[in-house]
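Notes to accompany the following structure.
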Amino acid sequence: MRIKFFILFLLSCVFLNAKDNPFDNNIEQKNTEFAKLSPFQRQDFNFNSDARILKNITITYINLDGSEEQTTLDIYKSINWHDTYSFIKTKSPNATPILDVSVTVPQKQGNKNSKTEENNTTLNIETPLFSGNIYNFISLGFYNNKINIKTQDKILRHLSIGDPTKIIIDFAKKQNFNTKTLQVNTAQVRKVVFGSHKGYYRLVIYLDGKYSYKYSHSENLHTFSYR
């Protein structure tokens, strides 16, 4: 009897650990359905002719893991049923990036950069919200929903943990250097912590909420798209 109980206990531990495995590909499968949906922009609605007070609004949403939750907005304001009301998405403003003294950023070069910006607008080239160099062997570009990392070093692993999400990325390099922090403060990215370990260095990207991400690369460019 004790042997059966011990075996059941071990199986339970295995299943629990499997759910917490950061390399589990089931998350990507669940996100396939989300990727097919168009992004929400606006929803208009009207009230019946006898409506006079808007008490609250209850919103039901689906999480990354497929579970459903609700949030209720308490309003209690008078309304005019003749009017049309709208639920609208607004873009979060980007905060001004703040760098610590250990981080360098490309300097502006007068008219030359102005011409480049004009060309980018004309050619519809996507420009980063913020870019910076931590060391001369790696540079980062932050966009609305992705991060580009340019380096010649080989990537070893990447995973995400926590809520808010932290994306952890390891690159191979036999070199020691001090830990540095890049304060980004864009709409989704708060900061990037950069530190060396034995045989590799690690980037930890701190996001402002819970996200899933998709990794892609070409030559020396590594792209992490999150949603």
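No hydrogens, no waters, no symmetry mates; every other heavy atom, side chains included, goes into these values. Just so we're clear, the structure is a prediction, and the values are computed from it rather than from any experiment. Nothing fancy with the numbering, it's 1 onward along the sequence.
At a threshold of 4.5 Å between side-chain heavy atoms, the hydrophobic network of Ile, Leu, Val, Met, Phe, Trp and Tyr places Tyr85 and Ile53 in two separate groups.
For the pair Lys146 and Tyr226, the cation-pi test (distance below 6.0 Å, angle within 45°) is failed. Geometrically, Arg52 does not engage Phe47 in a cation-pi contact, judged by NZ or CZ lying under 6.0 Å from the ring centre and within 45° of the ring axis. Relative to the six-membered ring of Phe194, Lys180 misses at least one condition, a distance below 6.0 Å or an angle of at most 45° to the axis.
Between the side chains of Asn63 and Glu68, no donor-acceptor pair of N or O atoms lies under 3.5 Å. In this structure, a donor-acceptor pair under 3.5 Å is present between the side chains of Asn46 and Thr84. With hydrogens and angles left out, the side-chain atoms of Gln188 and Tyr211 include no donor and acceptor closer than 3.5 Å.
The only member of Asp153, Asn176, Asp170 that meets side chain to side chain donor-acceptor pair (under 3.5 Å) when paired with Tyr201 is Asp153.
Using modelled atom types, one side-chain atom of Tyr213 and one backbone atom of Leu159 make a donor-acceptor pair closer than 3.5 Å. Judged by distance alone, the side chain of Asp163 and the main-chain N or O of Thr165 form no donor-acceptor pair under 3.5 Å.
Between Tyr200 and Phe171, a ring centre-to-centre spacing not shorter than 6.0 Å is recorded. In this structure, His222 has its ring center no closer than 6.0 Å to that of Phe224.
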